[in-house]
Novice: 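Take a look at this one; I'll ask things after.
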Amino acid sequence: FTRPAQSATLSGGFDVGPGGFQGNFNPLAATAGFTWLSIYFEPLVAYDAKLQKTVGVLASSYEISPDQLTYAFKLADAKWHDGKPFTANDAKFTIGLAKNAKTGSVLAARLSPVSAVEAPDEHTLVIKLSAPSASLIDTLTKVMMLPEHALSSIPADQLAKSPWWSTSPIGTGAFKFTKYVNDQYVELAANTDYRGGKPALEKIINRYFADPAAAIAALRAGEIQFTYVDSNDVPTFKDDTSFQVIEGNSFVVNYLGFNHESPIWKDLRVRQAVMHAINRDAIIQSLYGGAAKPANCAYVADQLVPKDIDPYAYDPEKAKALLKEAGWDEINGGKPITLLTYYTTPLATNVLAAVQAMLAQVGINVVPRAVDAPTYNSIVLKPDADISQFQLVYAGLQNGPDAGSINVGLNEKQIPPAGPNVVRARIPDLTAALDTALAEPDAAKRDERYRQVCKVMNSQLPWGTLWVANRYGVVSTKVKDFVWTPAPGGGPYEADPQHWSIAE
Amino acid sequence: MLTFSLRRLAIGIGMLLALSMLIFLLLRLTPGDPIDAYIDPNIPLSPADLAELRSRLGLDQPLPVQYLAWLQQALTGNLGYSIKRMDQPVLGLVLSRIGPTILLMGTALVISIIVGIATGIVSAVRRNSVTDVSFSVLALAGISSPAFLSALIGLYVFAVRLNWMPSGGMLTPGEPFSVLDLLHHLILPACLLAVAQAALIMRYMRASLLEVLNQDYVRTARAKGVIEFWVIVKHALRNALLPVVTLIGSTIGLAIGGAIFIESVFNWPGMGLLLVDSVETRDYPVIMGATLIIGACVIVVNLLTDMTYAVIDPRIKVG
Amino acid sequence: MLARTPTRSPGPLARALDRFLINRAAVFGVCLALPVLAMILSYPLWWTFKPNDIDLLAMNSGPSSKHVFGTDGVGRDVFARVMEGGRISLLVAVASTLLSAIIGFLFGAVSALAGRWADAVGMRFVDLVMTLPPVIFLLVLASIAGTGIWPTVLVISLLSWPLLARMVRARLLELRERDFVIAARGMGAGLPHLLFRHGLPNSIDILVVYATLQIANAILLEAGLSFLGLGIAPPAASWGNMLNAARSTAVLEQYPWQWLFPGGALILAVLAINFIGDGLRDAFDPRAELN
Amino acid sequence: MTEPLLSVRDLSKHYASHGTRLTILKDISFDIGKGEVVGLVGESGSGKTTIGRSVLRLVEPSAGNVRFDGVELTGLSPSAMRRMRPRMQYIFQDPFASLSPRMTIGEILTEGLKIQRIGTRAERMERARIALEQVDLPAEAINRYAHEFSGGQRQRIGIARALTLTPELIVADEPVSALDVSIQAQVINLLRDLQQQLGLTMLFISHDLAVVEYICDRVIVLYLGRIMEIAASGDLYARPQHPYTRALLSAIPSTDVGAKRERQVLKGEIPSPANPPSGCVFRTRCPHAIEACGQAAPELREVAPGHFKACIRDDIPLGAMP
Amino acid sequence: MQSAEPVLAIQGLKTIFRIRGGDVTAVNDVDLTVGAGETVALVGESGSGKSVTSLSVMRLLTRNIGSIAAGSIRLRRKDGSGHDLVTLTDEEMRDIRGDDIGMVFQEPMSSLNPVYTIGDQIAEPIRIHRGATRKAAMATAVSLLESVGIPDAKRRAGQYPHELSGGMRQRATIAMALACDPTLLIADEPTTALDVTIQAQILDLLLKLQRERGMAILFVTHNLGVVAQIAHRVAVMYTGRIVEEGPVGEVFSNPKHPYTKGLLASMPRLGDATRMKQAGEKLAAIPGVVPSLVNMPSGCTFAPRCQFAIEACRKAVPALEPVGPLHKSRCIRWREI
Ligand SMILES: Nc1ncnc2c1ncn2[C@@H]1O[C@H](COP(=O)(O)OP(=O)(O)OP(=O)(O)O)[C@@H](O)[C@H]1O
Ligand SMILES: Nc1ncnc2c1ncn2[C@@H]1O[C@H](COP(=O)(O)OP(=O)(O)OP(=O)(O)O)[C@@H](O)[C@H]1O
Ligand SMILES: [Mg+2]
Ligand SMILES: [Mg+2]
């Protein structure tokens, strides 16, 4: 067999990422995978490739009224893949769908502040809010514009079931959807009319891999040119000149969540002892190969972390002393504490083994229990959850690019069933700090507010924050001008796929 | 024959009904429901949204009501929609997986039948020879290796290191369909899958042939002056095949459920993968649909096995 | 007048043992299995490392005189883990085999001996369980039962018993018509008597062979479950979950000792048990009873 | 005659097989007096074993009833039946299959006592020893397994087992047909001695007419599940009335080389119980069959004192064998 | 009746089996001849070596467990040539099997292949040895079935063994053995599994076929009555050796070996049994059991059960001595019997 030449085709495992849902073509229902979806669909706005600021995509510019209640978007002169023009009505239609839970939209709740959407003319879209929302723009980055002319005939509650998504979706992006081969791959072809210029590649193919090892095998065999990899697979490529490793911040803080309803964590000193007992530097150096940063609150971005917070240095003696002070023997004795997690990767397994061993040294006896995501959710989200099943969790929550996203995991108002504050943190200071930060209309002042959140977290320890790990992609050096960022939730960001190219 | 088929059909339908009830019950006993699988802690859904989603899926109804609703739909041939991939009807999803599964299993089965029967015959005829012992040891080694390990090693050796075979998938993406391409993708997983199966068939074949070679009618054949080759191939083999057919029948039944390890390592879009995936996401309709379709296949395969018996052995009357 | 010399007579089991001992492969299996078993059981007495002691400074180091099998991704001693994994894998295998043998025997025996209705209902149920695709059954059961030794034992048992039930039933259906059982019925024997005085001794060959082969199977099943993230949860060691490390390409390629040793131990153990099982099968062959 | 020990009336047995109904036994009636030995002869598949087992309710009869010592066995509750069982025992044809290979002779011999909860362990062992003595086997046999014994010895053990429960009725199902010629005589002698010593009542099933003649007082001839003839054994062998009995007798090869008897070879084979011939079931092979034989099943009628036959023709002279 | 050269002449045949713990001799020093048109019966108890003798003639003992250790087996083939079967190659032997020697086995059910039709199985030796076409062989098979007395032979030829009754099956195996018109027919207990009425049919058939075809028959049985009915000569085997041999009439009326005598006496005779019963006579049983091959008594193997045994009997195996013109006995005290 000779391998057919694929000069102008880029294949990759794009949609294999953290939490990536394979084979989900409906952006309204997508909780991840936007890196891929945004190659053929486009949102109004997106982050830049460094995830630091938002830039317009289908909106050439936008303005926010001083009261933070009106957002006016100037729309770009774009065309759908079928040649019809993209208009403000399409945008209005799309936001309508995204706001409507009946469509299966996962964004409905986050768009709830939107009170009205208007399309005064073809190129202007006005969104009115009932109350200021700091995260509206962040949410809008995930709202992929959909063609009204193709979808308006489908009733909202039938939309999710429509075969349109996997057979003939049309967007405005640099590539057009051509075909989906059942759980094998999706193929996109260049959209030669793309307003940003004719794409350099002829085709982009996203292949699905069930097993990470298979993706790596395909990459090394030259069948694909790019894939996301786990950090412990990175060394395999480090010295290989035909591949380039792309490293980026995951924005996901990994933490040990103390179940605040469990009496054993009531005493702050116990929580502090946990922090002091874990040698995070050693774990980062050895298990992560240095590819993580210790986190002493949920944030890692420099501008959000105050300088004077407690670094909780590794100090088992101090931990023991703290436990003794708190009377740990009386609190829990030697009984094993279940450490519940939904991470099942080999890396997480090793990390938990290390954490278990370290905690054991100071006399805290934990036993990791890894379950699949639905089981985890069903345990922790149950309103009347059984404390004994998850006295401690090992989990992760993203804290960027919108720093406010951490709110749901810590705000007292988000305790299940209201939201995903699974550790049931009831820390008034923290709730107040988060509320203040979220309500801060002034973007410039917001960082300061978040620093305050960080401070409270650091001192009160609703979570035992551990670190923020890096994420990796590996791309063939034949691929040029390729932009990939390990964005939380799978993007989207400004990736300019029309510029991607591949050398012979 | 007709009444036999009809009776088996009736039993089969009863079986499927019981099967659907059992799996329905089991599913509700598993922790977590589709919505739990759907939730991403980073994209919080409001309780109202969750309730809305649950009620749209009927998950808030009492169990018997849910089951009956499902059954009523299923009886009209509508197995519902996948929860995870809402745009995909279950029936289509499952049917689209059955093809690749049958292709992979069928190829593996053909390989294993040929290899297993041939080596089994040689082993039995040369009983206790070096050939026999080495075949038997190899077979045992094949049976003793965990499938996922051999899959990973096979992948690593043949796809990554030697680069002889593609690393997975069923077709080269972006290329027009070609049978050669399909075969190229098929051969490695099929062979890996065939190893354990061939080993098992070999051992059954050997035992059964040894038994048959002791039968009186084999002696009769020799007493007629039949040459040894035909004694084995014509007189012994056909009789010795019965237990092997049973074995093959029962493993086909099991295999339709998928070889999860091979499928997941080689990314073969078969039933096994679909099932793992749908259990992980608690995609109830898909699990129910897949169970039913697989169950139906198993029942059909059992029927075919019985009919094969009748072809091989005229003593067994179907009817 | 007696056919043989009047010394102490060997019973059926003794004769089976006799036949077993002349089977070279089977004896080889025993010779392979016994030392491994002894090592696994006694290793804490003579081995310096504990299976769960981590040493982040010595992780991923290859076999050396200190760590004869090298260390794993968190610096645990692979040898100690292989030994500990053997304990757990064997415990799971033996316990699940026992459990499934009990369920399978009772189910099959009662079906065969307790009359037409019991048989019809029992066998339909067995059919049902066997029609249930094993993958689904495995996954669903495992997610209901959870991970850990006992849930794994339960899952493996529930998956395995129907086969035995069928074999026992087939044997006892035939036994039921045998003259000595009819004689017992003619003397007034009830179900418990038939079950335990005739059914059990006359299924002992099936049970023993099933048990050995099922132990081998269960070890493999446990490994498979661990591969799917079910089964024995880390950091507890089992051969299956140690092998699971080979999923990571880096481990597969660069730290082969981390999977070669547990894999080797597993294959060796399963092979030895299969050899033994084969020997037992031949030793218990009913045709051998005739002469 | 006084009240017979065993009385069988209109016993019938059907099996359903693949949707067709097999009539294995039809309207079998006979009595066995106390201390009497009755022979049951017939070709393979004629239903001898089925009768023997129905009598002990090891097979449930489809119709008819069996009285034992005045007690109606058919319809007895399982526990009442269990109490009756020691009084009637069965001896099997195959000395290899009838002894459990996994029990010692001691266990085999005490099994019945144990089931019936009779005696202590020691008493039971004692009883087993006595039984062994009764069948001329050495006492040390008690700790051995059946496979160590020859066929004849095993058959003795089978007889001993039946004796442990001190039964009144014994059904012996071809007890010697699996044995070698030189051993048969030993076992026949033993059975006859025991029967006489213990005053046993016996239903003796066999297809060897010479053995039956030697051991039985009366003989029942069976064909395709129907009784053809019943007579005292001397009478039957001297003056067989039914054409089938005659054919059967003439088919037996004799060792008297000189006197080549006139033999009658029956044509054809025993019909299938799935579709038996109408009327007299023997008529398809009967050299004397006439049209009337196909009309109705012939009654079993007394043609001489104590001699019954089921044949409508009385006009076949004794020597008339074509 | 006997032609000058016998069809089969066995001399000094010794057949051994390799079993765990050494070799056992199943057949020892057997001499036997069968002439054309003659029926010789081989009688003896189970395990006495009758089948092993007949399998030795066919050279059908499984190679690794049983083999001919000594002796010769001379066969006169159809073309008149003589061969020692012991020295033939496998291919040569295969030519003879089914062609010059036909064999009928005891169990008519298990000796027919259940998955092929009767016709196919009968036609097979014709196709092998005569090179006949399938169709021609089938036609011959049908006529063979007719000649063994199966009505509606054409239909029967298309049926499978399980669709036939025991008697018909045995007829079919006889047809199969006769397919190539063998000079020697070996029948190993062909009627033991059958009912008396069917047995009579089969015996009649064999007698008729022999009259028509003139073949030699080696008839293995343990039923003395059958011997009396069908055989010209009889050889009585005990523990692998022939202990008495001679014309049937002479052996039965005037047995010269205590074993033969015992056998004849231990069977109740039809018609005589009533008298014995009334007289309270017991059957004359031979005491004891047949010794097992691995544990053979020295000297005359029958001595432990023999009422005539003297010290000398236990010393050496007696020779097969002539006790009459055609009558031989392996007993040193034959004169006293
Ligand atoms: N369970 C059964 N189901 C169907 N048919 C049966 C069953 N048991 C016996 N039969 C049939 O009943 C008939 C009589 O059987 P039975 O064993 O009583 O005959 P028999 O006279 O004892 O024969 P034999 O001399 O061979 O022992 C046979 O045709 C047999 O096939
Ligand atoms: N394959 C074998 N291995 C070992 N011993 C054997 C084998 N076949 C036969 N024998 C022994 O050889 C002796 C003669 O057996 P053979 O079959 O010739 O007896 P038989 O006279 O035909 O008896 P039957 O009347 O039971 O058919 C027996 O003692 C038997 O145990
Ligand atoms: Mg019978
Ligand atoms: Mg024989």
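Note that the structure is predicted; figures quoted are calculated from it, not measured. Heavy-atom basis, side chains included; hydrogens, waters and symmetry copies ignored. Every chain is numbered from 1, with letters handed out A, B, ... down the list of sequences.
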Novice: Just so I understand: if I count every heavy-atom pair under 4.5 Å between each of A:Ala395, A:Ala217, A:Ala213, A:Pro163 and chain B, which residue has the most?
Specialist: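 Top count of heavy-atom pairs under 4.5 Å with chain B: A:Ala217.
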Novice: Go through the atoms of B:Leu274 and report whether side chain, backbone, both or neither lie under 4.5 Å from a heavy atom of chain A.
Specialist: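 The answer is neither part of B:Leu274.
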Novice: Tell me every residue that passes side-chain contact (heavy atoms from CB on, under 4.5 Å) with B:Val65, counting only those two or more places apart in sequence or in another chain.
Specialist: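 Scan of B:Val65 (side-chain contact (heavy atoms from CB on, under 4.5 Å), adjacent residues dropped) gives B:Gln61, B:Pro62.
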Novice: Is it the side chain or the backbone of A:Lys382 that comes within 4.5 Å of chain B heavy atoms, both, or neither?
Specialist: neither
Novice: Do other residues, nucleotides or ligands put more than 12 heavy atoms under 6.0 Å from A:Lys99 NZ?
Specialist: yes
Novice: Is it true that atom CD of B:Gln66 has more than 12 heavy atoms of other residues, nucleotides or ligands lying nearer than 6.0 Å?
Specialist: yes
Novice: Where on B:Tyr156 is there a heavy atom nearer than 4.5 Å to chain A: the side chain, the backbone, both, or neither?
Specialist: side chain
Novice: If you look only at pairs with a residue in residues 89-101 of chain B, which of them pass as a salt bridge (Lys or Arg N to Asp or Glu O under 4.0 Å), with sequence neighbours excluded?
Specialist: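 Only A:Asp183-B:Arg97 qualify under salt bridge (Lys or Arg N to Asp or Glu O under 4.0 Å).
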Novice: Specify which of B:Thr30, B:Val276, B:Val279, B:Leu155 makes the most heavy-atom pairs with chain A at under 4.5 Å.
Specialist: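 Most heavy-atom pairs within the cutoff with chain A belong to B:Leu155.
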Novice: Answer yes or no: is there a side-chain heavy-atom contact under 4.5 Å between A:Asn377 and B:Arg282?
Specialist: no
